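Note that the structure is predicted; figures quoted are calculated from it, not measured. First the proteins, then the strands, lettered A, B, ... as listed; each starts at 1.
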Amino acid sequence: MKRTRIQKILSSETAIDEVLIKGWVRTRRDSKTFSFIEVNDGSCLNNIQVIADDQLENYEQIKRLTTGSSVSIYGTMHESPGQGQKWETHAIRVEIIHIAPDDYPLQKKRHTDEFLRTISHLRPRTNKYGAAFRIRSRLSFAIHKYFQDLGFTYVHTPIITGSDCEGAGELFQVTSLDLENPPKANGKTDYLADFFGKKANLTVSGQLEGELFALALGDIYTFGPTFRAENSNTSRHAAEFWMVEPEMAFCDLADDMDYAEDFIKFLVEFAMKDCAEDLDLFAKFVDKNLMNTLETIVSKQFIRLPYSEAVAILNRSGEKFNYDVFFGADLQTEHERFLAENHFHQPVIIYDYPKTIKPFYMRTNDDETTVAAMDVIVPRIGEIIGGSQREERLERLESRMDETGVARQDLWWYLDSRRFGSVPHSGFGLGFERLIMLVTGITNIRDVIPFPRTPGSIEF
RNA sequence: UCCCCAGUAGCUCAGUCGGCAGAGCAGGUGGCUGUUAACCACCGUGUCCGUGGUUCGAGUCCGCGCUGGGGAGCCA
């Protein structure tokens, strides 16, 4: 007999005669002539309540079942006379697979997120983290569903890259050289002797390669791990994270913003429908205002605000900021959060930033001072998407590279895309962990990724 | 990298003015009960993060370090 997932049993409309349940004991309560065993198998948030009668041959052992122990239970399904659950299982046979000793670190009561982070190998066994990682899985699927249904092509851009000028932060170097004793040429490390014959790094973005495929396949997206060696110590940054980067040919900044807004709305709505039970845990215990926030995202049109107007609003606000706001200054977290949380109370897309604060590949606007860039700012998280229309005009692109100190010869292949059938195109990057934070109300990025990598921390 | 806060039992925390280390939960034993963060009684638990100092005496005050958290920058 095959095991039945608890999710399937509990969601059943009609009684299932016989079931084989395999899972882990969450808690046990003894009565006079029987014992209630709560079993969870990870397939859903809820446990199934098993009634183990004292007539069972191994009842003495059953009474020693501890939290965390693994069991296999064969029994019959019945409507539960008690409150709190529709179905329960009356055990015919309880096989104890493994008893967890009493130093099992997870207690039945609440633990802090900080403690659970020190036992990341066990935290998926808790309600909260089980729910978070089920949602993470469903949202991964939703990303593919969204783009595949629109006819986008999924592209696997490289993880190891030879270009160090992708323009987004510090890089992790990849090498097969012996770091204790590297080969030298003219007193310097000789990268000709390294694995690829030149310096290599982990990718900080698949965008540049993504553009090449958009200019061949039309609409593409990437979804994969991304690495930044920044010494960032915040609740919103990790050294290894997952990013979604769509890139669309024949697409201007307005279309780009339309996609970004529609995409976020789709994902939030998907989670609300598809992960209702898990989401309910977060609405109850993590963020009481979560459902309001999510409803607002789905129902309200995002505010679209040129950077210059954002600066004007901030200056008019009378709010005291730590950083001054003026045209040409990058908007700080405090400014973005003020706009999304205090001023508009909803997601805001800020666009047309001064070119002086943006990278070389963004398209220069007709005013010659701004570029066709956009950031999507959401309450509580801040920036969740950053994107732009790309500079498709070869001469403009080359002069921007010269201005910003990016060597043309290193990106000859990128420039080729503007040499042969160049077209207007746009794209953006969405931080997947930040999306999960938005959807669940979890406030630390370390708690939405199974085994977080941050400066000084790579356990598990 | 910078600023601020914290570190006491397996977990969550209290610890007054510098004077013998203490609760809840978890665990054990017994009881009660179609229970559901079950309940009641009893029992055990310590490198007070490390290190140096001040003091008759330091969990408590001071210096340094480590770890964790919050905020900022970098960004997704």
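Comparing B:U60 with B:U51, their P atoms sit 13 Å apart, to the nearest whole Å. Between B:A26 and B:G63, the two C1' atoms lie 38 Å apart (nearest whole Å). The gap from the C1' atom of B:G73 to that of B:C17 amounts to 42 Å, rounded to the nearest Å. Spacing between B:G65 and B:G10 at atom C1', rounded to whole Å, works out to 27 Å.
For A:Asn444, a side-chain nitrogen or oxygen approaches OP1 or OP2 of B:G70 to under 4.0 Å. For A:Thr118, no side-chain nitrogen or oxygen approaches OP1 or OP2 of B:G68 to under 4.0 Å. Regarding contacts with the backbone of B:G73, a side-chain N or O of A:Gln332 is found under 4.0 angstrom from either OP1 or OP2. Between A:Thr333 and the phosphate of B:G73, there is a side-chain N or O to OP1/OP2 separation shorter than 4.0 Å.
Taking atom CZ on A:Arg446 and atom P on B:G69, their separation rounds to 5 Å, with Å as the unit. Across the protein-nucleic acid pair, A:Arg26 atom CZ and B:U35 atom C1' stand 18 Å apart, rounded to whole Å. In this entry the distance linking CZ of A:Arg117 with C1' of B:G70 reads 11 Å, nearest Å. Between A:Glu60 atom CD and B:U29 atom P there is a gap of 11 Å when expressed in whole angstrom units. The CD atom of A:Glu230 sits 15 Å away from the C1' atom of B:C2 (whole-angstrom rounding). Straight-line distance from the CD atom of A:Glu114 to the P atom of B:G70: 6 Å, rounded to whole Å.
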(request) Please assess A:Tyr154 against A:His156 for the test ring pair (Phe, Tyr, Trp, His ring centres under 6.0 Å), listing each intermediate value before the final yes or no. (result) CA-CA 7 Å; A:Tyr154 180 36; A:His156 295 133; 4.5 Å; yes

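You'll find a donor-acceptor pair under 3.5 Å spanning the side chain of A:His237 and the base of B:C75, going by distance alone. The base of B:C74 is paired with the side chain of A:Ser232 by a donor and an acceptor separated by under 3.5 Å. For B:A76, its base sits under 3.5 Å from the side chain of A:Arg228 at one donor and acceptor pair at least. Contact of A:Glu88 with B:G34 (side chain to base): a donor-acceptor pair of N or O atoms is detected under 3.5 Å. A donor N or O paired with an acceptor N or O is found under 3.5 Å between the base of B:U1 and the side-chain atoms of A:Asn233.
Residue A:Phe241 and nucleotide B:A76 are classified as a stacked aromatic pair, their ring centres being separated by less than 5.5 Å at an interplanar angle below 30°.
Among the heavy atoms of the strands lying under 4.0 Å from A:Glu38 is at least one base atom, whether or not backbone atoms are also near. As judged by a 4.0 angstrom heavy-atom cut-off over every strand, A:Pro105 is placed among residues making no nucleic acid contact.
Pairing for B:U60 is absent, with no Watson-Crick or G-U wobble pair whose two atom distances lie under 3.5 Å.
Here A:Tyr351 and A:Tyr353 keep their ring centres 6.0 angstrom or further from each other.
For the ring-ring contact (aromatic ring centres under 6.0 Å, His included) test with A:Phe432, the passing option among A:Phe241, A:Phe223, A:Trp242 is A:Phe223; the others fail.
Salt bridge present: A:Asp375 and A:Lys358 bring a charged side-chain N and a carboxylate O closer than 4.0 Å. Between A:Glu383 and A:Arg434, none of the side-chain N atoms (NZ, or NE/NH1/NH2) sits under 4.0 Å from a carboxylate O, so this pair counts as no salt bridge.
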